[in-house]
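Take a look at the structure set out below.
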Amino acid sequence: MKRFIFAAALCASSTTVLAAASSWSYGGSEGPEFWGELSEKYELCTTGKNQSPINLDHFIEADLKPLEINYSAAGNEILNNGHTIQVNFQPGSTMSLDGHSYELKQFHFHAPSENQIKGESFPLEVHLVHADKEGNLAVVGIMFKEGAENKALVQAWKQMPEKKNAKEALSQVINAEDMLPTNKAYYRFNGSLTTPPCSEGVTWLLMKDPVTVSKEQIEQFTKVMGTHTNRPVQPLNARPVLQ
Ligand SMILES: [Zn+2]
């Protein structure tokens with residue numbers, strides 16, 4: 001339990017954590033350019049050199065191993081934390097990277113996308129947040145392009161809480177595997193949380209192929225959030241992006 005709380009604090013998407021932390025937003029006087037000044041705890045948002053999101057542009061060829069994903073139908077709760085819509089997972093969905101196991105804790109959305117691929121922004125991006133036993137985070141990002149309805153989102157969208165801090169049990173559990181693109185080739189780079197406290201040391205794995213989402217599904221999310229939910233892209237600095 002303790003480990004889970006640690007992971008939740010790091011991903012900054014837990015409502016309990018946010019209640020105790022300084023409030024922030026995607027615009028105005030608490031917007032991204034001021035996050036670092038809102039709290040001492042948010043300093044890295046300004047001073048960090050490995051911040052996310054980024055524009056992925058120049059790539060280094062690397063022998064990236066296929067992701068070993070073993071997800072199960074364990075997403076059983078949906079919440080609106082005021083910054084995003086998040087689906088929480090019970091234990092049992094794992095991903096192995098470099099022979100190291102990470103467990104899927106939650107996924108949540110940003111519109112428009114936070115990361116960009118060769119300067120291209122997408123209407124929606126999902127972040128699947130995983131943590132290992134020590135609380136180290138690995139995030140799998142997937143881009144959505146407008147097109148056919150996304151079947152994997154149907155249940156969550158049906159129960160999307162419109163009110164901030166509202167939470168409900170999903171009447172049908174969700175398997176995050178249904179959201180993955182067929183081709184699982186990915187980019188890999190180091191980064192941070194894209195929300196305060198902008199903690200670094202996050203391993204980012206961004207799927208090269210987007211999946212589809214309907215115009216109506218995008219609109220439902222953006223209407224409920226009432227604002228864009230993307231932090232602007234951050235300087236790459238000395239980081240390589242592997243592919
Ligand atoms: Zn995110």
Side-chain angles (χ1 to χ4, degrees), residues 4 6-18 21 23-27 30-32 35 42 44-45 48 50-56 75 77-89 93 95 102-117 121-131 135-144 150 152-153 156-157 160-161 164 174 176 179-180 186-207 210-211 213 217-218 221-222 224-234:
F4 177 70
F6 180 52
L10 274 177
C11 75
S13 291
S14 155
T15 44
T16 44
V17 171
L18 284 170
S23 69
W24 57 270
S25 70
Y26 284 105
E30 293 183 342
W35 287 353
Y42 299 171
L44 273 175
C45 301
N50 299 295
Q51 290 288 294
S52 289
I54 56 167
N55 174 29
L56 289 77
E77 183 180 68
I78 187 162
L79 66 103
N80 177 339
N81 65 18
H83 299 298
T84 189
I85 298 296
Q86 180 173 314
V87 172
N88 289 331
F89 278 72
S93 291
M95 173 185 69
Y102 292 83
E103 184 148 300
L104 178 62
K105 300 292 185 184
Q106 48 103 336
F107 63 66
H108 63 266
F109 300 85
H110 300 270
S113 68
E114 294 208 294
N115 291 297
Q116 295 175 5
I117 300 176
S121 170
F122 294 79
L124 187 71
E125 180 176 356
V126 66
H127 291 156
L128 296 90
V129 181
H130 305 71
N136 299 304
L137 299 183
V139 179
V140 173
I142 307 169
M143 299 300 199
F144 292 84
N150 190 298
L153 298 184
W157 257 231
M160 185 186 292
K164 191 177 166 176
I174 293 176
M179 222 158 42
L180 297 169
Y186 62 96
Y187 302 109
R188 179 175 178 165
F189 52 98
N190 292 325
S192 72
L193 302 180
T194 65
T195 56
C198 306
S199 315
E200 298 189 335
V202 178
T203 300
W204 277 89
L205 308 157
L206 184 66
M207 291 289 163
V211 295
V213 64
Q217 285 177 313
I218 299 166
F221 177 78
T222 52
V224 166
M225 300 320 297
T227 173
H228 68 93
T229 48
N230 64 315
R231 183 190 195 191
V233 291
Q234 303 294 306

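Being a predicted model, the structure only gives us computed values, none of them experimental. Both ligands and their constituent atoms are indexed starting at 1 by order of listing.
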With distance as the sole test, does His130 use its side chain to make a donor-acceptor pair with the main-chain N or O of Leu128 at under 3.5 Å? yes
Report for the Zn ion (ligand 1), protein N, O or S closer than 2.8 Å, by chain and number, lists His108 NE2, His110 NE2, His127 ND1
Ser121: what forms a side chain to side chain contact (heavy atoms under 4.5 Å, CB included) with it, not counting sequence neighbours? Pro112, Ser113, Gln116
Please tell me if the side chains of Met179 and Val126 come closer than 4.5 Å, counting only heavy atoms from C-beta onward. yes
When you measure from the side chain of Thr194 to the backbone of Ser52, do you find a donor-acceptor pair of N or O atoms at a distance under 3.5 Å? no
Residues two or more places apart in sequence or in another chain: which of them pass side chain to side chain contact (heavy atoms under 4.5 Å, CB included) with Glu30? Ser23, Ser25, Leu38
Sequence neighbours excluded, the answer for ring pair (Phe, Tyr, Trp, His ring centres under 6.0 Å) partners of Phe109 is Phe107, Trp157
